[in-house]
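Worksheet: one structure, shown below.
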There are 2 protein chains.
Amino acid sequence: MKIGELARRTGVSIRSLRYYEEQGLLKPERGDNGYREYSVLAEEQVRTIQFYLGLGLSTEQIAGFLQCVLIHKEAFCSEVLPVYEKKLAEIEEQLALLTAIRSNLMERIAYIRAESTEEEER
Amino acid sequence: MKIGELARRTGVSIRSLRYYEEQGLLKPERGDNGYREYSVLAEEQVRTIQFYLGLGLSTEQIAGFLQCVLIHKEAFCSEVLPVYEKKLAEIEEQLALLTAIRSNLMERIAYIRAESTEEEER
DNA sequence: CTTGACCCTACCATTCATGTCATGGTTTAT
DNA sequence: ATAAACCATGACATGAATGGTAGGGTCAAG
């Protein structure tokens with residue numbers, strides 16, 4: 001199938017499909033006219049890419065194990081676990097930061113509201 | 001004081017101090033030679049800016065209430081509360097997303113580890 | 001008077017997946 | 001054969017604070 005059809009089927013923009021190819025995630029054949037020709041497998045492949053992007057992984061990280069996980073179970077692909085662990089550590093760090101900021105914001109909001117209430121009571 | 005001294009005192013880079021000015025957060029005088037001349041109040045002002053940046057607010061948001069909060073209590077400045085509320089909502093959204101990703105990652109990591117363990121037991 | 005330490009402006013780079021043009025070739029249906 | 005719909009590449013923009021560099025003025029101490 002051509003790129004437009006793959007885009008329609010997967011809901012991923014043509015632009016992104018070309019980007020994935022540039023990043024080594026997709027390798028479509030080329031017709032005589034230069035058009036990209038995707039196999040039926042490409043559809044699942046794109047959904048897999050989208051899934052990993054949704055986990056916050058970069059295209060570079062995904063490229064490191066995509067071929068493997070398309071064939072085998074994740075547990076078989078040794079590149080997957082370290083990437084997951086690294087990502088998890090980053091997420092935990094971000095969560096800690098955001099949680100601290102949230103506490104701070106909530107305190108300050110509560111304080112401001114309390115002050116305003118006092119104001120009204122006067 | 002000149003920009004280098006303010007940078008040294010606050011730990012903020014000269015580059016950033018100039019950026020804050022560009023964003024309307026600082027308005028130093030200018031000497032005859034074109035050098036920026038900061039008042040002693042600028043030091044506290046910069047620390048205040050840094051504090052709000054640390055809460056994740058943008059320079060634009062900070063610019064909206066900085067002059068007020070430098071003089072009054074936060075609760076007096078009506079622009080502060082909506083900014084805090086907006087930021088809090090964004091943070092909550094990010095937390096929800098990150099928390100979901102974390103759960104997903106932890107599950108998948110646990111699964112992979114379980115598989116590997118089985119492997120070793122065989 | 002020279003040297004080093006300071007200051008100035010203006011610009012590019014950074015991250016990274018995606019959107020959006022511009023420009024032009026190809027295919028399909030009328 | 002012509003128009004509409006498709007495809008191609010290449011390039012710039014995005015967000016937002018900060019780092020870095022280039023090219024050039026200013027000041028203070030020796």
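In what follows, chains carry the letters A, B, and so on, assigned in the order in which the sequence lines appear, proteins first and then strands, with residues in each chain numbered from 1.
Taking the ring pair (Phe, Tyr, Trp, His ring centres under 6.0 Å) definition, one finds that Y38(A) meets it with nothing, sequence neighbours left out. For Y19(B), the ring pair (Phe, Tyr, Trp, His ring centres under 6.0 Å) test picks out no residue, with sequence neighbours left out. In this structure R8(A) satisfies the salt bridge (Lys or Arg N to Asp or Glu O under 4.0 Å) test with no other residue, sequence neighbours excluded. Under the ring pair (Phe, Tyr, Trp, His ring centres under 6.0 Å) criterion, F65(B) pairs with Y52(B), sequence neighbours left out. A search for side-chain hydrogen bond (donor to acceptor under 3.5 Å, both in side chains) contacts involving E60(B) returns nothing, not counting sequence neighbours.
Applying the salt bridge (charged side-chain N to carboxylate O under 4.0 Å, His left out) rule to pairs touching residues 62-74 of chain A yields K73(A)-E115(B), E74(A)-R108(B), sequence neighbours excluded. Among residue pairs with one or both ends in residues 9-107 of chain B, those qualifying as disulfide bond (SG atoms under 2.5 Å apart) are C68(B)-C77(B); sequence neighbours excluded.
The CD1 atom of I49(A) sits 17 Å away from the P atom of dC16(C) (whole-angstrom rounding).
The pair E22(A)-R18(A) does not count as a salt bridge, with every side-chain nitrogen at least 4.0 angstrom from each carboxylate oxygen.
Less than 4.0 Å separates DNA chain C from no heavy atom of any residue of residues 84-95 of chain A.
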Base versus backbone protein contacts along nucleotides 7-19 of chain D [heavy-atom cut-off under 4.0 Å; B, S, -]: SSB-B-----BBB
